[in-house]
Amino acid sequence: MNEWSKWKIEKQLEKTSAALEKNGFSSVVCENGTGAAKLVMGFAKGAQTIGFGGSMTVAGLNLPGKLADAGKECLNHSAPGLAPEERLAIMRRQLTSDLFLTGVGAVTLDGKLVNIDATGNRVGAMTFGPKKVIVLAGFNKLVPDVEEGIKRIRMWAAPPNAKRIGAATPCVETGFCSDCDSPQRICRVVHIMEKKPRMTDITVILIAESMGL
C-alpha cells in the first residue's frame with residue numbers, strides 16, 4: 001500500500017470512528033489486525049463465556065483459538081462436527097454470553113452498522129443480551145451510506161459467503177445477487193443500527209487492513 005492510499009484510509013477511519021462515537025458506540029481505530037486481536041484479548045479478560053457471530057474477520061484473527069487457549073468457554077456455532085441441535089443450542093447461549101464477537105457487513109461514514117443475516121442470531125446478539133459486544137471491521141467494510149452498505153453486502157459479500165457455506169443459491173452459480181427466492185437464500189434479515197441500542201455496550205474496532213468479505 002502506498003503512503004497516499006494509507007493516508008486516505010486513515011482519514012476515512014478517523015471520520016467513521018468519530019461518527020460512531022456521536023451515535024453512542026465506543027470506537028477504536030487499529031493499525032492492523034494484530035493490534036485489534038490484542039485489544040479484544042484485553043476486553044476478554046473479565047469474560048468467561050464468549051459468543052461468536054460466524055465472522056470471517058474474527059476467524060481470520062484466530063480469536064476463537066486464542067480465547068480457548070486463555071481458558072474461556074467459546075460458544076462457536078461454526079465449530080466443525082456439530083449436530084444441528086447443538087448449533088442451535090449454542091446460538092441461543094450466545095444471546096446471554098459475557099462477550100459477543102462479530103464482524104459486520106458494512107459501516108457507513110456517518111456511523112451506522114449494516115448487516116444482512118440468514119437466521120438473525122448474529123444481529124439478535126449484537127442488539128441485546130450479551131454483557132459486551134465487540135464489532136470488528138476492516139476498512140473494506142466502509143461505505144458512504146446505508147443504501148451503499150446494503151448494496152455492498154448483496155453484491156460483494158453474499159455470493160462468496162453463500163459459496164463458502166455450500167448454499168444452493170443462484171449467486172453461487174453466477175457470482176451475482178439476483179434477489180432470489182431460493183429456500184437456501186442467506187439474505188433474509190436486513191438490520192441497521194442507526195444508534196447504539198440503549199442497553200447494549202458495543203465497541204466497534206476499525207482496522208486499517210482489508211478483513212473478511
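Positions are given from 1 along the sequence.
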So, do [X] and [Y] sit near enough that their side-chain heavy atoms are less than 4.5 Å apart?
{"X": "Leu63", "Y": "Ile50", "result": "no"}
{"X": "Leu75", "Y": "Met91", "result": "no"}
{"X": "Val190", "Y": "Arg154", "result": "yes"}
{"X": "Val104", "Y": "Asn115", "result": "yes"}
{"X": "Leu99", "Y": "Ile134", "result": "yes"}
{"X": "Cys30", "Y": "Ile205", "result": "yes"}
{"X": "Ser182", "Y": "Pro170", "result": "yes"}
{"X": "Val28", "Y": "Leu206", "result": "no"}

Where [X] and [Y] come nearest, the two heavy atoms and their spacing:
{"X": "Cys74", "Y": "Pro64", "value": "SG-O, 3.7 Å"}
{"X": "Thr127", "Y": "Pro197", "value": "O-CB, 3.5 Å"}
{"X": "Met126", "Y": "Met193", "value": "O-CE, 3.4 Å"}
{"X": "Gln12", "Y": "Leu109", "value": "O-CD2, 4.2 Å"}
{"X": "Arg152", "Y": "Ala106", "value": "CD-CB, 4.4 Å"}
{"X": "Thr102", "Y": "Gly53", "value": "OG1-CA, 4.2 Å"}

Treating [X] as the side-chain partner and [Y] as the backbone partner, does any N or O pair qualify as donor plus acceptor under 3.5 Å?
{"X": "Asp98", "Y": "Thr49", "answer": "yes"}
{"X": "Asn23", "Y": "Gly111", "answer": "yes"}
{"X": "Glu209", "Y": "Phe139", "answer": "no"}
{"X": "Glu21", "Y": "Ser27", "answer": "yes"}
{"X": "Asp201", "Y": "Lys132", "answer": "no"}
{"X": "Arg87", "Y": "Leu82", "answer": "no"}
{"X": "Thr119", "Y": "Asn121", "answer": "no"}
{"X": "Ser17", "Y": "Glu14", "answer": "no"}
{"X": "Asn76", "Y": "Ser78", "answer": "yes"}
{"X": "Thr200", "Y": "Ile202", "answer": "no"}

Go through it in stages, so that I can follow the logic: the residues are Leu136 and Val40, the test is side chain to side chain contact (heavy atoms under 4.5 Å, CB included), and I'd like the CA-CA distance, side-chain angles, deciding distance and then a yes or no. CA-CA 9 Å; Leu136 295 111; Val40 171; 4.0 Å; yes

In one Ile/Leu/Val/Met/Phe/Trp/Tyr side-chain cluster, 4.5 Å: [X], [Y]:
{"X": "Val107", "Y": "Val29", "result": "yes"}
{"X": "Ile116", "Y": "Val123", "result": "no"}
{"X": "Ile153", "Y": "Ile192", "result": "yes"}
{"X": "Val204", "Y": "Phe100", "result": "yes"}
{"X": "Val135", "Y": "Ile150", "result": "no"}

For Phe176 and Met155, what are the C-alpha separation, side-chain angles and deciding distance, and is it a side chain to side chain contact (heavy atoms under 4.5 Å, CB included)? CA-CA 6 Å; Phe176 294 91; Met155 296 305 297; 3.9 Å; yes

So, are [X] and [Y] salt-bridged, with charged N and O less than 4.0 Å apart?
{"X": "Glu73", "Y": "Arg93", "value": "yes"}
{"X": "Glu3", "Y": "Lys6", "value": "no"}
{"X": "Arg185", "Y": "Asp179", "value": "yes"}

Could you point out which residue of Arg164, Lys163, Gln184 forms a side chain to side chain contact (heavy atoms under 4.5 Å, CB included) with Val172? Lys163

Counting only heavy atoms not in Arg188, do more than 12 fall under 6.0 Å of its CZ? yes

Gln48 atom CD, over 12 foreign heavy atoms within 6.0 Å: yes

Atom pair [atom1]/[atom2] of [X] and [Y] - distance to nearest 0.5 Å:
{"X": "Met211", "Y": "Lys141", "atom1": "CE", "atom2": "NZ", "value": "9.0 Å"}
{"X": "Leu61", "Y": "Asn32", "atom1": "CG", "atom2": "CG", "value": "9.5 Å"}
{"X": "Leu213", "Y": "Thr57", "atom1": "CG", "atom2": "OG1", "value": "8.0 Å"}
{"X": "Lys66", "Y": "Lys72", "atom1": "NZ", "atom2": "NZ", "value": "15.0 Å"}
{"X": "Lys8", "Y": "Leu13", "atom1": "NZ", "atom2": "CG", "value": "11.0 Å"}
{"X": "Phe52", "Y": "Ser97", "atom1": "CZ", "atom2": "OG", "value": "9.0 Å"}

With no hydrogens and no angle check, do the side chains of Thr108 and Asp110 hold a donor and an acceptor under 3.5 Å apart? yes

